[in-house]
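Input: a single structure, listed below in structure tokens.
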Amino acid sequence: METLNQFSKLFLLDIRNIMGLLFWGNFALAVLIFTFRFTNFSKDNKTHLLVFGCSKIFQSFAWLAFFLRTDTVSFNPVNIIIPNTLIFGSYYLESIAMLMMVKDSSKKAYQTQSVFFAVVLLSFYYSVWIESPAYVRVALASLSIFLLLILPTLRFLTATRSSLFKKILGFNYIILLVALIFRIIYPLFKTSTTLYSVDPAQKIIFLIVFIMMIISGVGYLLLLQEEKEIQIKKLLNDKNTFFSIIAHDLKGPFNGIIGLSELLLEDNNHLDNKETNEFIQLIHQSSKDTYSLLENLLTWAQSQTGNIEFSPKELEITAITNKTINLLANVAKNKNITVQSEIEKEHSVYADKNMLETIFRNLVSNAIKFTPVNGEVVLSMTKESKQTVFSIKDNGIGISAEKVAELFIINHRHSTLGTDDETGTGLGLMLCKEFIEKHGGVLSVESEIGKGSTFKFTIPNRF
């Protein structure tokens with residue numbers, strides 16, 4: 001009964017007081033969102049929160065402008081344009097924040113929102129310029145907000161692997177959209193409707209907007225918290241996998257080094273120079289393999305914790321590829337494998353130097369590893385309108401379709417030996433995939449058993 005009394009008191013508030021509620025509600029949400037942003041959220045989530053927080057700031061100042069407007073009868077373009085621009089801007093930013101929460105959102109979705117926003121502003125400005133009646137502007141403003149929210153809401157509800165909580169948040173926006181549809185139609189039948197109308201229907205609409213605003217704001221934060229916890233759980237699982245990799249793959253090479261060095265110490269006087277050199281070569285190769293594994297492990301660990309600096313700039317590609325070929329020249333020479341680059345000298349790419357070197361080093365090293373004696377590895381590139389496509393092709397043993405599907409999953413072990421019994425963990429490929437995706441590119445594989453493999457990756461032009 002007490003709740004009903006409180007609701008009835010709220011319902012008795014006039015429109016201006018409800019606008020005051022909307023101001024304070026949005027302002028409080030903005031403070032809460034930016035407080036969350038300064039906690040230990042990831043870099044991506046901080047961007048989400050910045051966009052969503054700015055949307056609430058825009059909206060709070062819009063409602064404040066509506067609240068402070070004293071002359072609601074005279075036609076004043078400034079008093080109409082400023083708050084409505086803030087309202088449209090706030091819902092545009094909120095729609096962008098919603099799209100950012102859907103991981104499979106394409107660039108086209110963001111471009112569509114920008115087009116809607118431009119159309120919304122121009123349409124409303126035109127209605128003000130021709131001095132449309134208040135009820136037309138009310139209907140047009142409601143239609144504009146509807147257009148800005150409809151696509152992100154549908155993506156929320158239809159997103160693949162969408163959590164139940166995300167669907168609930170999507171249905172919250174559906175309720176808001178239904179209220180907006182009513183507010184689009186209602187003024188056209190009741191032409192006396194203005195933003196400040198005191199009729200019950202107008203009050204109900206504003207109260208629905210207020211309730212949905214609170215639910216969407218708090219729900220958005222809870223959804224980000226849920227995703228953060230999922231990410232932490234994944235990192236913990238990957239950490240456990242890390243330990244298993246270290247335990248298994250470092251133990252073998254170190255045992256080999258220890259065993260061979262013990263033989264050298266014990267039988268030094270009984271070994272001729274040829275046998276001693278063979279032992280030393282085996283120890284050297286085992287040490288290099290162990291170092292390569294440690295290097296990938298440490299780099300991958302840094303990438304998971306966000307400690308690797310990402311500094312893209314214009315790079316000459318041949319400088320990177322030549323360095324890679326020279327670095328792996330001895331490994332290729334031992335198997336009489338030819339490594340050649342068909343990339344022309346004048347070509348450049350906008351990328352992070354250290355990451356690009358790591359990508360080429362790992363992909364070329366893998367190509368050499370799985371190519372038999374007297375084989376060939378070829379590096380090439382193709383310039384497209386929006387991206388550069390790099391290819392590392394070998395005529396090695398190839399990869400089965402089943403193994404290709406598991407190449408980039410850390411929880412699947414890739415213990416296939418190279419053509420000269422070289423060992424590996426698959427960490428290098430995962431590192432390549434992460435660094436390529438950091439640039440906004442894609443890593444793909446084309447392979448056939450017995451005919452070799454081609455690893456391709458893309459780097460967008462000025463992503």
Side-chain angles (χ1 to χ4, degrees), residues 238 241 244-245 248-250 252-253 256 282 285-286 288-290 292-293 295-297 300 321 324-325 327-343 356-382 384 387-437 441-459:
D238 289 350
T241 307
S244 69
I245 290 171
H248 181 276
D249 293 283
L250 290 183
L282 287 170
Q285 187 58 49
S286 187
K288 284 204 320 184
D289 290 343
T290 307
S292 178
L293 174 61
E295 189 175 41
N296 277 339
L297 282 168
W300 197 84
T321 54
T324 302
I325 292 170
L327 187 68
L328 299 169
N330 287 335
V331 181
K333 186 179 178 182
N334 289 338
K335 297 175 73 174
N336 199 31
I337 290 173
T338 303
V339 182
Q340 61 176 341
S341 173
E342 297 178 351
I343 300 171
L356 195 61
E357 286 179 355
T358 300
I359 293 165
F360 273 109
R361 185 177 68 248
N362 276 288
L363 293 180
V364 174
S365 176
N366 277 353
I368 295 169
K369 185 185 297 182
F370 295 104
T371 299
V373 175
N374 300 323
E376 184 182 53
V377 176
V378 180
L379 283 66
S380 61
M381 63 158 283
T382 306
E384 297 181 355
Q387 63 184 9
T388 303
V389 183
F390 294 97
S391 297
I392 292 87
K393 183 179 181 180
D394 65 64
N395 58 351
I397 59 177
I399 312 167
S400 67
E402 295 80 12
K403 286 191 176 181
V404 166
E406 299 175 352
L407 277 177
F408 309 111
I409 305 173
I410 191 170
N411 291 322
H412 286 78
R413 295 193 54 76
H414 314 295
S415 56
T416 306
L417 295 176
T419 56
D420 202 23
D421 292 333
E422 302 98 325
T423 59
T425 63
L427 268 183
L429 279 180
M430 286 186 287
L431 201 58
C432 290
K433 183 174 182 289
E434 292 208 12
F435 284 174
I436 291 165
E437 288 178 350
V442 177
L443 175 62
S444 60
V445 188
E446 297 172 4
S447 188
E448 190 175 343
I449 294 292
K451 293 187 178 180
S453 305
T454 301
F455 281 79
K456 293 183 177 181
F457 68 93
T458 60
I459 300 291

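Just so you know, these numbers use all the heavy atoms, side chains as well, and skip hydrogens, waters and symmetry mates.
- Ring orientation note: the planes of F360 and F457 are nearly perpendicular, at an angle over 60° on the 30°/60° scale.
- Side-chain contact between N366 and F455 is absent, with no heavy-atom pair separated by less than 4.5 Å.
- Here the shortest heavy-atom pairing between S447 and G452 reads OG-O, 3.3 Å.
- The side-chain hydrogen bond (donor to acceptor under 3.5 Å, both in side chains) search around S341 returns none, not counting sequence neighbours.
- Across every non-hydrogen atom of L429 and L443, the tightest pair is O-CD2, 4.2 Å.
- I459 CD1 to I359 CD1: the interatomic distance, rounded to the nearest 0.5 Å, is 5.5 Å.
- Summarising the geometry of I399 relative to I449, their closest heavy-atom pair is C-CD1, 3.6 Å, with the distance given to 0.1 Å.
- Between D394 and F370, the closest side-chain pair of non-hydrogen atoms is not below 4.5 Å.
- The two atoms that bring K335 and I368 nearest to each other are NZ-O, 2.9 Å, heavy atoms only.
- When all heavy atoms of T371 and I337 are compared, the pair lying nearest together is O-CD1, 3.4 Å.
- E357 pairs by the side-chain hydrogen bond (donor to acceptor under 3.5 Å, both in side chains) definition with K323, K353, not counting sequence neighbours.
- When the salt bridge (charged side-chain N to carboxylate O under 4.0 Å, His left out) test is applied to E342, no partner is found at least two apart in sequence or on another chain.
- Annotation: side chain of L379 is in contact with side chain of V377 (closest heavy-atom distance under 4.5 Å).
- No side-chain donor-acceptor contact under 3.5 Å links N336 to the backbone of V373.
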